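Notes for the one structure printed next.
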Amino acid sequence: MGKYEILALVNVHHSLKGADIPEETLDKLSNQARAKWPEPWVSATLQAIRTRNLTGIPIKEYVPDDLVKERIALIGDAAHVPAPITASGFNESLQDAAELGKCVAKVIKGDAAVKALDKYESLRLNKVRQLVQSGKSFSYSYGRS
Ligand SMILES: Cc1cc2nc3c(=O)[nH]c(=O)nc-3n(C[C@H](O)[C@H](O)[C@H](O)COP(=O)(O)OP(=O)(O)OC[C@H]3O[C@@H](n4cnc5c(N)ncnc54)[C@H](O)[C@@H]3O)c2cc1C
């Protein structure tokens, strides 16, 4: 995880209603829209910004390198954060919980517990990495640097 992404995770608390988005941010968005979007989208975007008819949604993304460390396993957004555009973060969080539940259902002691968590990681890590990366690709396709 890069430094920028760590800071974003710590500072992001919630979405902002249009009325609460700082003027300076709206000016930056307008400039970006003018530079990057053709008609008719640029006019629609500028109208939404002008009338503050928009929601500021924090986009935080985190591609995990692991989900387990010894006897600790992470699930959900604590383990991986996909951009909201994937519309899958909650779903995948539930899948984490379900798989983890299955893996530890029989063995929860000693080395067997560690192996059960490793099994959970082997079942979920690639899937959740791909999920976050799919959101990143989407952002890049919209011109995010
Ligand atoms: C704008 C937006 C749209 C989304 N749309 C979708 C969608 O359409 N479909 C979908 O599947 N997913 C969607 N998601 C993703 C989804 O909301 C998350 O992936 C999901 O909520 C993760 O669940 P979680 O339980 O892991 O974490 P959270 O829902 O973040 O729950 C963690 C909880 O822990 C609490 N907490 C944090 N720190 C502490 C502490 N120190 N002590 C006690 N409590 C603490 C928090 O207050 C919070 O209630 C969207 C996300 C966003 C931001």
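Remember, predicted model here, so these are calculated numbers, not experimental data. Every number for a ligand or one of its atoms is a count from 1 in the order of the listing.
Remark: E23 pairs with R52 by the side chain to side chain donor-acceptor pair (under 3.5 Å) rule, at least two apart or across chains. Applying the side chain to side chain donor-acceptor pair (under 3.5 Å) test to S43 and every residue at least two apart in sequence or in another chain returns E39.
A heavy-atom cutoff of 4.0 Å around ligand 1 is satisfied by the protein residues I57, G76, D77, P84, A87, S88, G89, F90, N91, S93.
Under the side chain to side chain contact (heavy atoms under 4.5 Å, CB included) rule, D96 has a single partner from L74, I75, L123, which is I75.
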Considering only distance and modelled atom types, tabulate donor-acceptor pairs under 3.5 Å from the side chains of residues 99-108, sequence neighbours left out.
none

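Within the 4.5 Å cutoff, no side-chain heavy atoms of V114 are placed close to those of E70.
For R34 and N31, the side-chain atoms include at least one donor-acceptor pair closer than 3.5 Å.
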